Amino acid sequence: MIEPGSVIDDRYEVLQRVGSGGMADVYLAEDRLLGRRVAVKVLHHRFAEDQEFVERFKREASSAAGLSHPNVVSVFDRGAWDGTFYIAMEYLPGRTLKELLRAGGPLTPASAIDVVLQVLRAARFAHRRGVIHRDLKPHNVILDEEGRAKVTDFGIARAGASDMTLTGSIMGTAQYLSPEQAQGHAVTEASDLYAVGVMLYELLVGKVPFEGETAITIALQHISRPAPPPSAINPAVPPALDAVVLRMLAKDPAARYASTGDAIAALEAVRANLPEPQGEHVLATAPRDVALAGGAAAATLAGAAAASAANGGNGAHTEDTGAGRLAAYGAEHQTTGSVPVLDAAAEQQAKRAKRRRALLWVGGLLAAAVLAAILLLILLPTSVTVPNVEGKPRLQAVATLKRDGFKVSVSSGTNPSVPAGDVVSQTPRPGRSVKPKSLVYIVVSAGVGSAVVPKLTGETEAAAISSLDARGLRPHVKEIPSETFAAGRVIRTEPPAGERLEPKARVIVFVSSGLPKVKVPHLKEESIEQAEAELEEAGLGLGKVKYQPRAGVAAGTVLSQDPAAGDEVRAESLVNLVVAKATHSGSGKVFVPSVLEEERAAAEETLRREGLKPSVLPTPVSEASLAGHVVRQDPAPGTEVAKKSTVTIYIGHLQQTTSTSTSTTSTTSSETSTTSTTTSTSTSTTAPPEG
């Protein structure tokens with residue numbers, strides 16, 4: 001533990017420890033250079049001794065530092081200190097989503113969707129830049145003082161099945177672990193989507209779908225046990241939201257949404273049909289039972305008795321009690337207040353007539369029932385004979401049994417004496433007498449025990465292994481780079497699809513490891529323009545650019561790069577640069593910050609904080625998720641301008657399209673052809689410039 005007052009890397013003065021996890025401690029510190037409070041995450045020394053872990057930690061911290069988004073906690077700096085490594089990030093005085101759940105229980109469906117949509121937008125922003133979180137959970141989502149959700153630890157935490165024995169703190173991670181992570185397979189965007197699905201489930205019902213005493217027990221449930229729908233626990237969850245949650249929690253990554261954007265669209269569609277939540281933290285359910293007391297209960301019971309009397313005493317719950325008769329009599333004579341004098345003989349005669357009518361009704365019903373039973377015995381058979389379908393092709397056998405009114409259950413088994421696809425045996429045996437609509441089991445031959453290699457191209461690694469296992473084949477996975485297939489997807493098999501193999505034969509499954517690796521070029525001492533051109537030529541992209549004053553060095557010269565020159569990285573990876581900026585006698589110039597994809601208010605605040613004047617212009621966009629966000633800025637990020645300069649930000653405005661179609665149809669004797677002429681007019685509605 002670092003004592004308060006200690007200074008990390010001659011810059012960050014520790015004020016207090018604010019959290020601790022399985023991999024690192026987090027401290028609130030004062031940044032002496034910039035005069036602001038930051039959160040500093042310091043890696044535990046036992047991990048600092050693992051060079052492979054440290055290298056991964058450094059590179060992924062660099063990737064996370066390139067994420068500037070309203071729903072992502074900003075990473076400012078990283079470095080080495082006192083035999084370990086640290087990351088300096090944005091400090092948020094708020095509560096984690098986990099703390100909110102513990103304090104107030106589940107949210108309303110509308111509130112839960114509102115929070116999770118922010119988490120998904122953060123994940124989508126990172127996924128588009130090649131960063132996968134790997135450890136999304138309520139502990140890593142912070143709600144600031146304005147209620148905005150911010151995700152932390154992007155690209156830094158990497159909890160997998162191999163980490164489960166390191167520390168008990170991994171238990172919290174195991175509850176949000178995707179099935180492919182639990183099996184040690186490649187982690188993809190779909191893994192983050194599964195974790196967000198668990199998070200949404202917990203927000204709706206107040207607990208995670210899978211729990212257990214150990215992390216291994218929980219992981220096994222993620223792999224094999226289906227999650228119950230949230231509405232089974234919280235009836236306030238609508239069926240449409242049930243469907244979205246269960247699709248996000250699909251065991252097979254390919255069965256989940258194809259992208260984070262698709263999940264956002266599905267949740268937005270559900271949210272549009274829900275009422276706005278009331279209050280800061282609204283519980284998802286309300287009391288189901290309302291107790292009546294005192295005069296209210298008496299009035300309710302009296303009203304029920306009067307209603308029963310008004311219906312002639314034939315209500316479903318009417319009882320012939322003294323109180324019931326009194327209520328009925330009062331309802332009938334309440335206007336006169338008189339008591340009639342009854343004729344005893346007439347009353348007895350009326351009762352006898354009523355009994356005769358009742359006996360006639362009962363007798364008629366009994367006669368009808370007996371007649372119906374006799375007709376059923378005559379017209380319907382009490383038993384049927386099972387036809388012989390052994391040796392027949394599967395489709396013909398099933399059709400025969402269903403035609404005769406039987407239900408059919410089909411299974412398969414190897415049999416060298418019966419051709420593949422023909423029925424080997426049936427139960428009950430042919431010729432047996434059974435009840436109509438009985439179930440007949442048939443076993444269909446799979447041939448001499450051979451198996452056909454299925455078509456697996458484009459499938460996930462987990463789905464391919466499962467498919468081969470089911471056919472009795474032995475999968476062997478080989479990872480190779482690919483520019484066509486996403487990481488974790490099957491490129492091809494050897495032998496190819498359609499080949500017939502002996503049982504337990506080996507099938508090599510070639511799985512994409514992602515884009516091929518390229519060497520990072522040497523960029524130091526080059527101009528930033530030349531560096532960007534070399535990165536593009538090498539198949540890499542320009543990442544975060546940090547400007548530092550450096551005496552004696554021309555402005556725009558690259559001072560350092562990360563990753564270093566000569567390192568091998570995947571194609572399209574980003575390379576971060578530190579670039580020299582011009583030194584001035586005064587402080588009249590600033591560098592334009594990046595506000596891309598930020599909401600309008602947040603972008604304007606960022607620019608004003610840097611001493612710049614924001615100017616807002618609308619620009620049409622076709623994607624609903626970009627509406628209200630910055631899609632372009634001028635000057636570009638990193639440009640050095642004078643203070644109080646104007647920076648124009650273009651805010652996405654959803655484009656509305658109106659189409660008018662005119663169709664002409666002509667018909668001939670042999671065919672009908674339709675010729676359509678379509679005229680489309682697009683109307684873009686924009687608001688006047690603001691700011």
Side-chain angles (χ1 to χ4, degrees), residues 62-70 72 74-76 124-126 128-131 521 523-524 526-550 553-562 572-584 587-621 623 625-653 686 689-691:
S62 297
S63 299
L67 300 178
S68 177
H69 189 272
V72 177
S74 300
V75 174
F76 300 136
R124 178 181 60 185
F125 182 82
R128 288 175 175 174
R129 285 149 183 81
V131 178
L523 306 175
K524 192 175 180 181
E526 295 181 357
S527 68
I528 187 171
E529 293 80 12
Q530 185 178 355
E532 190 169 7
E534 288 193 27
L535 288 172
E536 184 176 356
E537 185 177 351
L540 300 170
L542 179 61
K544 187 175 182 181
V545 179
K546 186 177 181 180
Y547 292 87
Q548 289 183 353
R550 181 67 60 88
V553 179
T557 303
V558 176
L559 301 176
S560 63
Q561 63 184 82
D562 184 22
E572 299 184 7
S573 295
L574 300 180
V575 177
N576 302 315
L577 301 179
V578 177
V579 178
K581 70 176 182 179
T583 56
H584 304 282
S587 57
K589 291 196 174 184
V590 295
F591 290 93
V592 178
S594 173
V595 292
L596 294 174
E597 294 201 24
E598 288 192 13
E599 293 180 349
R600 172 182 170 176
E604 289 184 284
E605 181 184 352
T606 300
L607 293 172
R608 290 192 182 100
R609 190 169 56 243
E610 295 294 330
L612 299 169
K613 294 170 58 180
S615 174
V616 180
L617 287 177
T619 185
V621 293
E623 189 176 342
S625 59
L626 296 177
H629 295 259
V630 178
V631 297
R632 185 160 59 90
Q633 67 178 86
D634 185 27
T639 306
E640 188 178 27
V641 298
K643 280 189 176 181
K644 299 185 180 180
S645 295
T646 298
V647 176
T648 304
I649 55 175
Y650 295 83
I651 305 297
H653 181 77
T686 59
E690 299 182 45

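Side chains included, hydrogens not; waters and symmetry mates left out as well; all remaining heavy atoms used. Keep in mind the model is a prediction, meaning the values are calculated, not measured. All residue numbers refer to positions in the sequence shown, counting from 1.
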Next item on the list: Just jot down the ring pair (Phe, Tyr, Trp, His ring centres under 6.0 Å) partners of Tyr650, sequence neighbours excluded, or say none.
Entry: none
Next item on the list: Mind listing the closest non-hydrogen atom pair of Leu535 and Gly541 along with its distance?
Entry: CD1-O, 4.0 Å
Notebook entry, point to check: If you look at every heavy atom in Val592 and Pro635, which pair is closest and at what distance?
Noted result: CG1-O, 3.9 Å
Item checked: Under 3.5 Å donor-acceptor, Gln633 side chain and Val595 backbone -> yes
Checklist line | Atom pair CD/OG1 of Glu598 and Thr606 - distance to nearest 0.5 Å | finding: 4.5 Å
Note to self: Could you work out, with salt bridge (Lys or Arg N to Asp or Glu O under 4.0 Å) as the rule, every residue matching Glu597, not counting sequence neighbours?
What the structure shows: Arg129
Next item on the list: Any chance you could measure Leu574, atom CG, to Glu572, atom CD, to the nearest 0.5 Å?
Entry: 9.5 Å
Check: Atom CZ in Arg608, atom NZ in Lys613: separation rounded to 0.5 Å?
Finding: 10.5 Å
Item checked: Greater than 12 external heavy atoms within 6.0 Å of Glu605's CD -> no
Checklist line | Contacts of type side-chain contact (heavy atoms from CB on, under 4.5 Å), residue Ser645, not counting sequence neighbours | finding: Leu612, Val641, Ala642
Checklist line | His69 and Phe125 aromatic ring geometry - parallel, tilted or perpendicular at 30°/60° bounds | finding: tilted
Margin query: Run the side-chain contact (heavy atoms from CB on, under 4.5 Å) test against Gln561 and tell me which residues pass, sequence neighbours left out.
Written below: Val520, Leu523, Ala565, Val575, Leu577
Check: Which residues satisfy the side-chain contact (heavy atoms from CB on, under 4.5 Å) test with Ala636, sequence neighbours excluded?
Finding: Thr639
Note to self: Could you check whether any side-chain heavy atom of Arg124 comes within less than 4.5 Å of a side-chain heavy atom of Ser625, counting everything from C-beta outward?
What the structure shows: yes
Notebook entry, point to check: Ala126: what forms a side-chain contact (heavy atoms from CB on, under 4.5 Å) with it, not counting sequence neighbours?
Noted result: Leu67, Val131, Phe154
Notebook entry, point to check: Within a strict 4.5 Å, meaning less than it, do heavy atoms of the Ile651 and Val630 side chains meet?
Noted result: yes
Next item on the list: Write down the atom of Ala627, the atom of Val621, and the distance for their closest heavy-atom approach.
Entry: N-CG2, 4.2 Å
Item checked: Shortest non-hydrogen contact from Ala554 toward Ala580 -> O-CB, 3.7 Å
Check: Are Glu604 and Ile649 close enough that some pair of their side-chain heavy atoms sits under 4.5 Å apart?
Finding: yes
Next item on the list: May I ask you to test the Pro614-Val647 pair for a side-chain heavy-atom distance under 4.5 Å?
Entry: no
Next item on the list: Check for a donor-acceptor pair, side chain of Asn576 on one end and backbone N or O of Lys544 on the other, with a separation under 3.5 Å.
Entry: yes
